[in-house]
Asks: 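What follows is a structure written as structure tokens; I'll ask about it next.
Bear in mind the structure is a predicted one, so any value in this text is a computation, not a measurement. Here is the naming used below: chain letters follow the sequence lines, and residue numbers restart at 1 for every chain.
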There are 2 protein chains.
Amino acid sequence: MDAKNQAKYEARAKIIKAMAHPTRLFIVDELARSGRRCVCELTEMVGVDMSTVSRHLAMLKNAGIVEDEKRGAQVYYSLRVQCVLDFFECVESVMKCNLKDQQKLLVS
Amino acid sequence: MDAKNQAKYEARAKIIKAMAHPTRLFIVDELARSGRRCVCELTEMVGVDMSTVSRHLAMLKNAGIVEDEKRGAQVYYSLRVQCVLDFFECVESVMKCNLKDQQKLLVS
DNA sequence: TGTATATTTGGCTAAACTAACAAATGATGG
DNA sequence: CCATCATTTGTTAGTTTAGCCAAATATACA
């Protein structure tokens with residue numbers, strides 16, 4: 001793999017990596033469901049320190065997955081690209097496929 | 001987030017994490033393009049030790065993204081689920097979106 | 001102005017993770 | 001038996017990072 005390709009796949013991996021954490025997945029899922037949430041709301045839902053949630057959101061923003069909008073004292077986050085939901089769909093089908101194979105093993 | 005949800009998002013994250021590496025992304029891309037590749041072919045393309053490639057493939061297999069088939073001395077890998085290509089498509093559109101925003105910053 | 005709330009950031013620690021190579025082990029084919 | 005292909009083990013070194021606390025910043029409201 002040459003340097004150019006290396007850089008290309010590193011850039012892609014960076015974006016995917018931003019999704020590869022349970023808390024951030026939850027946040028993305030919640031934003032997809034509700035459209036928009038402020039940090040304090042997400043903090044309560046997730047149940048960790050607000051500074052931690054803020055960091056997770058900064059990662060998602062840095063990757064270009066979410067965007068923020070200041071409204072008074074609150075900062076509201078929302079999805080910047082809708083297609084991230086395809087991620088979930090695909091992950092679900094992989095999991096279903098894994099489950100099916102495990103059942104096959106049990107039967108035989 | 002309760003324990004049940006925690007487990008749910010951890011399982012999802014595990015699958016996404018398996019894709020969050022440039023070499024593994026390259027491999028998935030290559031398998032999507034060519035349909036099937038043995039370890040030795042991939043090793044030459046990637047340009048790292050064969051044992052390293054084998055490990056990457058084991059991770060992808062463990063996540064349920066690829067499957068293997070033994071043919072004589074070689075082991076051929078192929079995609080188990082086609083929808084992973086949606087990942088790429090989405091990542092591309094996120095990157096395009098990022099680029100567009102950067103250009104806006106330059107103009108203003 | 002002063003206080004409370006919301007958010008980000010710096011500092012820090014512990015920990016997990018992981019990629020990579022080398023070497024040993026297994027399996028297959030000639 | 002030897003060569004090739006592949007996996008596994010051991011190891012190292014490096015990165016990463018998630019989490020909390022505390023400090024800094026920003027806004028709203030009394």
Asks: Measure from CE on B:Met1 to P on D:dA18 and round the result to the nearest Å.
Replies: 13 Å

Asks: For DNA chain C, note the earliest and the latest nucleotide, 5' to 3', having some atom under 4.0 Å of a heavy atom belonging to chain B.
Replies: C:dT18 to C:dG29

Asks: In chain order, what residues pass the disulfide (SG to SG under 2.5 Å) check against B:Cys40, with sequence neighbours excluded?
Replies: none

Asks: Between A:Val81 and A:Val84, what is the shortest heavy-atom contact and its length?
Replies: O-CG2, 3.4 Å

Asks: Quick check for you: to the nearest 0.5 Å, what is the distance between B:Leu25 atom CG and A:Lys8 atom NZ?
Replies: 10.0 Å

Asks: I need the residues from residues 72-81 of chain A with at least one non-hydrogen atom less than 4.0 Å from DNA chain D; give them sorted by number, or say none.
Replies: A:Gly72, A:Ala73

Asks: Any heavy-atom pair between the side chains of A:Ile27 and A:Arg37 that's under 4.5 Å?
Replies: no

Asks: Please examine the side chains of B:Arg80 and A:Asp101, heavy atoms only from C-beta on, and report whether any two atoms are closer than 4.5 Å.
Replies: yes

Asks: Which ring pair (Phe, Tyr, Trp, His ring centres under 6.0 Å) pairs, counting each pair once, include a residue from residues 64-97 of chain B, with sequence neighbours left out?
Replies: A:Phe87-B:Phe87

Asks: Round to a whole Å and report the spacing from NE2 of B:His21 to P of D:dG14.
Replies: 17 Å

Asks: Given side chains that start at C-beta, do those of A:Met1 and B:Glu30 come closer than 4.5 Å, heavy atoms only?
Replies: no

Asks: Going by heavy atoms in the side chains, are A:Val48 and A:His56 under 4.5 Å from each other?
Replies: no

Asks: Less than 4.5 Å apart, side chain to side chain, heavy atoms only: is that true for B:His21 and B:Met59?
Replies: no

Asks: For DNA chain D, find the residues of residues 48-67 of chain A with a heavy-atom distance under 4.0 Å and give them by number; none if there aren't any.
Replies: A:Val48, A:Asp49, A:Ser51, A:Thr52, A:Arg55, A:His56, A:Met59

Asks: Please test A:Leu42 against A:Leu57 for side-chain contact (heavy atoms from CB on, under 4.5 Å), starting from the C-alpha separation and ending with a verdict.
Replies: CA-CA 10 Å; A:Leu42 292 170; A:Leu57 287 166; 4.0 Å; yes

Asks: Counting only N and O atoms by type, is there a donor-acceptor contact under 3.5 Å from the side chain of B:Arg24 to the main-chain atoms of B:Ala18?
Replies: yes

Asks: With DNA chain D as reference, determine whether A:Gly47 or A:Lys70 sits nearer its 5' end, using the nearest nucleotide of each.
Replies: A:Gly47

Asks: Using a cut-off of strictly less than 4.0 Å between a heavy atom of the residue and any atom of DNA chain C, enumerate the qualifying residues of residues 23-41 of chain A by number.
Replies: A:Cys38, A:Val39, A:Cys40

Asks: Minimum heavy-atom separation for B:Gly64 to A:Asn98, with atom names?
Replies: CA-OD1, 3.4 Å

Asks: Does B:Cys38 offer a backbone N or O that forms a donor-acceptor pair with the side chain of B:Glu41 under 3.5 Å?
Replies: yes

Asks: Between A:Ala20 and B:Thr43, just flag the one whose closest nucleotide in DNA chain D comes earlier from the 5' side.
Replies: B:Thr43

Asks: Could you tell me the separation between the CD atom of B:Gln6 and the C1' atom of D:dG19, rounded to a whole number of Å?
Replies: 13 Å

